[in-house]
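As structure tokens, the structure follows; a few thoughts come after it.
Here, residue 1 is the first one in the sequence, and each next residue gets the next number. When reading the values below, keep in mind they use all heavy atoms of this one structure, side chains included, and skip hydrogens, waters and symmetry mates.
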Amino acid sequence: MATYEPITPDRLEQMCADVAELHSGIHIMAIDGADAARPVDLAERVATRLTTRGRAAAVVSTADFLRPASLRLEYGHTDTESYRTIWFDHDALRREVIDAVRDHGRWLPRLWNAPRDRSFRDAPRPAAADQVILIAGPLLLGSGLDVDTTIALLMSEGALRRHTPPGMAWTIAALLAGAEDAPRADIDVRYDHPDRPAIRMRRRAG
């Protein structure tokens with residue numbers, strides 16, 4: 001059975017920042033978690049810690065890289081397979097954020113305004129030489145995105161049902177299936193109770 005170490009929320013944020021700082025140059029960290037786990041909030045707090053330490057850091061939310069409604073909702077508003085495989089524009093994240101920051105020293109902070117169903121029309125941002133980009137949102141693990149560090153905020157079905165708004169409860173099956181099929185993260189975080197997380201770190205070969 002996997003062993004998890006209890007940790008405080010403050011220490012979790014510090015550890016995520018420490019992991020990013022272990023690497024020089026451009027570093028891309030994915031924080032995978034259901035909306036109920038509020039992964040963007042954690043990413044923002046980690047980014048704040050990094051900037052306080054003098055490291056350039058910015059957060060990219062997958063909610064700003066959704067596909068247009070005509071594609072997202074092609075099979076209905078509550079189709080779980082669509083949510084898992086179509087909703088999030090991982091190709092655009094790869095092209096406009098990951099490849100762009102590594103190859104061209106810039107990235108696009110937002111792409112698609114889902115409530116208005118149109119482009120944000122943001123200009124690309126220039127990256128610092130030691131830029132950290134934290135990509136946060138659901139279903140990142142297993143998406144094929146080439147990131148440097150992965151963190152998974154793991155919630156049980158019961159916790160997801162307690163913390164997911166009723167109108168989005170239909171996504172829970174897709175989130176659970178995605179978590180079951182996803183590769184293990186560098187840092188797994190049991191997050192049923194965000195005020196009492198527990199972590200398990202993957203041991204890397206060599």
Side-chain angles (χ1 to χ4, degrees), residues 28-47 57-104 106-125 127 131-155 159-161 163-183 185 191:
I28 301 173
M29 175 178 285
I31 300 183
D32 179 291
D35 288 342
R38 304 178 70 172
V40 175
D41 288 357
L42 175 59
E44 294 282 6
R45 293 193 296 270
V46 173
V59 175
V60 172
S61 170
T62 60
D64 295 327
F65 281 82
L66 295 181
R67 297 185 187 278
S70 60
L71 298 176
R72 218 168 55 245
L73 308 177
E74 180 179 1
Y75 299 99
H77 287 70
T78 59
D79 185 78
T80 56
E81 188 63 19
S82 295
Y83 182 74
R84 185 177 173 186
T85 61
I86 296 176
W87 274 49
F88 299 97
D89 196 343
H90 294 132
D91 289 338
L93 274 169
R94 181 181 298 107
R95 180 181 66 250
E96 304 293 348
V97 180
I98 298 172
D99 291 347
V101 75
R102 287 175 175 158
D103 297 341
H104 307 294
R106 61 178 184 269
W107 85 96
L108 192 67
R110 304 181 303 176
L111 178 64
W112 198 253
N113 185 330
R116 295 188 176 187
D117 202 32
R118 68 184 188 189
S119 172
F120 279 113
R121 301 190 185 279
D122 286 8
R125 293 183 183 176
Q131 184 75 51
V132 177
I133 301 288
L134 299 103
I135 302 175
L139 300 170
L140 283 168
L141 291 176
S143 65
L145 294 176
D146 181 19
V147 301
D148 301 302
T149 303
T150 54
I151 298 167
L153 304 181
L154 306 173
M155 299 186 84
L160 286 171
R161 295 200 179 281
H163 297 290
T164 300
M168 293 299 290
W170 62 272
T171 65
I172 292 174
L175 292 166
L176 292 170
E180 185 173 344
D181 293 341
Y191 219 59

When you compare the side chain of [Y] with that of [X], does any pair of heavy atoms fall below 4.5 Å?
X	Y	result
H77	W170	no
I133	I135	yes
R84	D181	yes
L73	S82	no
W87	L139	no

Considering all heavy atoms of both residues, which atom of [X] and which atom of [Y] are nearest to each other, and what is their separation?
X	Y	value
S70	E74	O-CB, 3.7 Å
L153	P39	CD1-CA, 3.9 Å
G137	T62	CA-OG1, 3.3 Å
L111	A92	CD2-CB, 3.5 Å
P109	R125	CG-NE, 3.6 Å

> How are the rings of F88 and H90 set to each other: parallel, tilted or perpendicular (split at 30° and 60°)?
Replying inline: parallel

>> Rounded to the nearest 0.5 Å, what separates atom CG in D146 from atom CG in L93?
In response: 13.0 Å

> What's the verdict on side chain to side chain contact (heavy atoms under 4.5 Å, CB included) for V147 and M29, showing C-alpha distance, side-chain angles and the deciding distance?
Replying inline: CA-CA 6 Å; V147 301; M29 175 178 285; over 6 Å; no

> Please walk me through it: do F120 and L108 pass side chain to side chain contact (heavy atoms under 4.5 Å, CB included)?
Replying inline: CA-CA 10 Å; F120 279 113; L108 192 67; over 6 Å; no

Within the distance-only criterion (no hydrogens, no angle test), does the side chain of [X] pair as donor or acceptor with the backbone N or O of [Y] below 3.5 angstrom?
X	Y	value
D89	R67	no
D32	L140	yes
T164	R161	no

> Under 3.5 Å, is there a donor-acceptor pair linking the side chains of D117 and W112?
Replying inline: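 Short answer, yes.
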
